[in-house]
Number of protein chains: 2
Amino acid sequence: MTPARKKPNINTSPLELMPDFQFAVSVDCVIFGYENDMLKVLLIKSDLPEFKSKWSLLGDLVHPDEDLDAASYRVLRERTGLEDVFLEQVHTFGQLNRHPAGRVVTTAYFSLINVKDHQLKQLDNELHWHPVNDIKTMAFDHKVILDTCHKTLQKKIQEEPIIFNLLEKKFSLRDLQNLYEAILGVSLDRRNFRKKLFTTDLLTDLDEMEKDVPHRPGKLYTFNHARYAKMKKKTFVGIDF
Amino acid sequence: MTPARKKPNINTSPLELMPDFQFAVSVDCVIFGYENDMLKVLLIKSDLPEFKSKWSLLGDLVHPDEDLDAASYRVLRERTGLEDVFLEQVHTFGQLNRHPAGRVVTTAYFSLINVKDHQLKQLDNELHWHPVNDIKTMAFDHKVILDTCHKTLQKKIQEEPIIFNLLEKKFSLRDLQNLYEAILGVSLDRRNFRKKLFTTDLLTDLDEMEKDVPHRPGKLYTFNHARYAKMKKKTFVGIDF
DNA sequence: GCAAAAGTGTTCACATTACACCCATGG
DNA sequence: CCATGGGTGTAATGTGAACACTTTTGC
């Protein structure tokens with residue numbers, strides 16, 4: 001085997017001379033929200049005839065003068081009107097036949113937003129929140145992308161306090177625990193959960209109470225960003241297969 | 001703001017009609033190895049005049065009929081002659097001016113191989129192993145890609161027993177500990193390390209000894225893949241910021 | 001007063017850390 | 001016999017898991 005230089009070589013030809021090696025590149029945003037004790041994702045009806053009745057992630061082609069990250073922020077902004085929200089790259093999907101129109105490589109991002117913080121923009125194509133657990137099929141390979149992002153979300157909320165992006169500024173411990181349980185699909189011991197959260201020292205007690213609840217109101221807290229920024233630096237070493 | 005449908009739309013035009021929305025797509029492989037107590041990475045001299053004296057990751061354009069994963073396996077195979085090795089996608093880099101030839105989006109993969117298991121193929125362009133800690137600058141944005149993959153490696157060896165891919169089949173506990181220390185850049189207590197590794201129950205004692213060492217020889221072990229496959233299923237829940 | 005959820009401590013098992021000495025081998 | 005690393009145990013501390021009763025509020 002002498003695996004020599006392939007015919008087209010980016011190092012010796014300008015890109016324009018290699019039309020066969022040009023793909024479309026898109027971004028797809030998995031926008032998670034939390035509503036009625038359920039983890040939800042923002043989806044739109046596909047406008048491709050092939051996927052007429054299927055739901056699709058929010059995505060777009062990357063513009064020629066646009067970074068990947070910028071493209072995903074743009075999609076998010078156009079659809080939700082939100083800026084400065086949590087958005088992170090997850091994985092790139094490049095299967096040959098993932099898009100009926102031709103070769104499209106897509107980079108998936110996941111975003112965490114507070115459902116109540118925003119107005120849905122562009123209400124065509126039935127842009128809607130869907131409970132993640134109810135979604136069985138989607139257009140393209142979007143179900144695979146959603147599942148990948150859901151797993152990434154499950155893992156990351158155990159490593160970093162990103163979960164607060166899904167809640168309103170003020171929340172009760174019960175809100176927070178319900179959200180963990182909704183995302184992880186498990187139930188947690190209430191006392192241990194509270195203890196754990198307080199030892200992280202990342203919650204600021206607002207000395208306020210829930211209102212209009214048909215039971216004893218809980219205290220409200222807020223996430224202490226500043227304190228997290230300080231403690232984040234610590235290195236960690238531990239082997240845990 | 002009425003963020004309406006953008007002019008070019010993949011859902012309404014065949015891709016061929018959107019030449020401005022076509023990019024080159026490449027893969028870059030960060031191939032890690034372990035030699036002389038150092039974590040190393042396999043690099044090649046860039047053949048672009050812009051980066052004449054700089055080192056570059058092993059990469060190539062993705063072929064039109066090739067998945068991303070297949071492309072990275074191909075690059076790895078062509079350069080190392082190896083098949084069936086650990087290779088995993090890490091991140092996609094799509095900065096506007098990351099490649100002088102034009103718009104190239106690249107997906108980075110990292111691979112873990114046993115340096116002694118293979119013969120370097122295609123020994124042109126000074127394909128060489130470089131200690132990761134000695135590398136200061138690289139061609140393109142490859143230093144950023146390398147750093148990203150190094151961090152991913154550091155994180156993943158603490159979560160999954162992928163580190164064994166870097167060692168020979170038979171290894172001593174000292175080998176394994178040195179490797180952890182080289183990758184993580186820390187030093188670990190020897191007794192605690194051994195205890196920890198034995199409680200994972202993933203090492204098979206071969207009842208063999210090191211040979212030709214200028215000190216008391218250590219026992220040799222091998223990684224028990226079967227046992228790991230069995231125990232892997234366990235779910236884990238724990239919040240750890 | 002009833003329903004619903006808030007708030008609160010202790011115990012036990014297990015994991016992590018810190019730490020020091022003798023042993024086997026090659027030279 | 002000396003240099004080098006191999007091999008081993010224990011005590012203290014910290015962490016995670018299990019578990020039940022009283023309190024506050026709205027109705």
Side-chain angles (χ1 to χ4, degrees), chain A residues 36-37 155 157-159 161 167-168 170-182 184-222 231 234-241, chain B residues 34 36-38 157-159 161 167-168 170-182 184 186-222 231 234-241:
Chain A
N36 300 128
D37 279 2
K155 194 169 168 217
I157 60 169
Q158 300 181 53
E159 297 171 350
L167 292 171
E168 303 191 66
K170 302 175 179 185
F171 52 84
S172 68
L173 277 173
R174 165 78 36 185
D175 291 335
L176 185 57
Q177 184 177 341
N178 284 346
L179 177 51
Y180 269 107
E181 292 178 340
L184 297 174
V186 297
S187 60
L188 304 170
D189 180 272
R190 203 165 89 256
R191 278 174 293 189
N192 292 337
F193 180 81
R194 298 165 86 90
K195 239 182 302 174
K196 178 79 191 192
L197 265 289
F198 287 133
T199 58
T200 64
D201 207 33
L202 289 173
L203 299 184
T204 303
D205 184 339
L206 291 172
D207 278 317
E208 281 181 66
M209 294 296 194
E210 291 180 296
K211 302 259 185 241
D212 304 315
V213 288
H215 55 76
R216 175 173 174 181
K219 277 188 164 192
L220 293 178
Y221 298 87
T222 195
M231 59 171 266
K234 286 179 213 157
T235 43
F236 65 111
V237 176
I239 302 154
D240 253 312
F241 300 150
Chain B
Y34 179 56
N36 301 128
D37 278 2
M38 285 180 288
I157 60 169
Q158 300 182 52
E159 297 171 351
L167 292 171
E168 303 190 67
K170 301 174 180 186
F171 52 85
S172 68
L173 277 172
R174 164 79 38 187
D175 293 335
L176 185 57
Q177 184 178 342
N178 284 346
L179 178 51
Y180 269 107
E181 292 177 340
L184 297 175
V186 298
S187 60
L188 303 170
D189 180 271
R190 202 164 90 255
R191 277 174 293 188
N192 293 338
F193 179 82
R194 299 165 86 87
K195 237 183 305 174
K196 177 81 190 190
L197 264 289
F198 287 134
T199 57
T200 63
D201 207 34
L202 289 174
L203 299 184
T204 304
D205 184 340
L206 291 173
D207 277 315
E208 282 181 67
M209 294 296 194
E210 290 180 296
K211 303 255 184 244
D212 304 316
V213 288
H215 55 75
R216 174 175 174 181
K219 278 188 162 189
L220 294 178
Y221 298 87
T222 195
M231 60 172 264
K234 286 180 213 157
T235 42
F236 64 112
V237 176
I239 302 155
D240 253 313
F241 301 149

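Naming convention: chains lettered A, B, ... in sequence-line order (proteins, then strands); numbering from 1 in each chain.
With respect to the salt-bridge test (charged N to carboxylate O, under 4.0 angstrom), the residues A:Lys195 and A:Asp189 do not qualify.
We find that CG of A:Asn178 is positioned 8 Å from P of C:dA6, with the value rounded to whole Å. What separates CD1 of A:Ile239 from P of C:dT16 is a distance of 10 Å, to the nearest Å. The distance from atom CE of B:Met209 to atom C1' of C:dG26 is 15 Å, rounded to the nearest whole Å. Taking atom CG of residue A:Asp240 and atom C1' of nucleotide D:dT15, one finds them 12 Å apart after rounding to whole Å. In this structure, CZ of B:Phe193 is placed 13 Å from P of C:dT17, rounded to the nearest angstrom. Between A:Lys196 atom NZ and D:dT15 atom P there is a gap of 8 Å when expressed in whole angstrom units. Per the geometry, CG belonging to B:Leu173 stands 9 Å off P belonging to D:dG6, to the nearest Å. For A:His215 and D:dT25, the NE2 to P distance is 12 Å, given to the nearest whole Å.
Below the 3.5 angstrom threshold, one finds no donor paired with an acceptor across the side chain of A:Arg216 and the base of C:dA5.
The closest side-chain heavy-atom distance from B:Glu208 to B:Lys219 is not below 4.5 Å.
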Assess whether side chain to side chain contact (heavy atoms under 4.5 Å, CB included) is satisfied between B:Arg216 and B:Glu210, documenting all intermediate values.
CA-CA 9 Å; B:Arg216 174 175 174 181; B:Glu210 290 180 296; over 6 Å; no

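Ring pair B:Phe193/B:Phe198: centre-to-centre distance not below 6.0 Å.
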Under 3.5 Å, which N/O atoms of the protein pair with N/O atoms of nucleotides 8-13 of chain D?
residue	atom	partner	partner atom	Å
D:dT10	O4	B:Lys195	NZ	2.9

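B:Leu173 CG to B:Leu220 CG: the interatomic distance, rounded to the nearest 0.5 Å, is 9.5 Å. Distance check: A:Met231 CE to A:Thr200 OG1 gives 6.5 Å after rounding to the nearest 0.5 Å.
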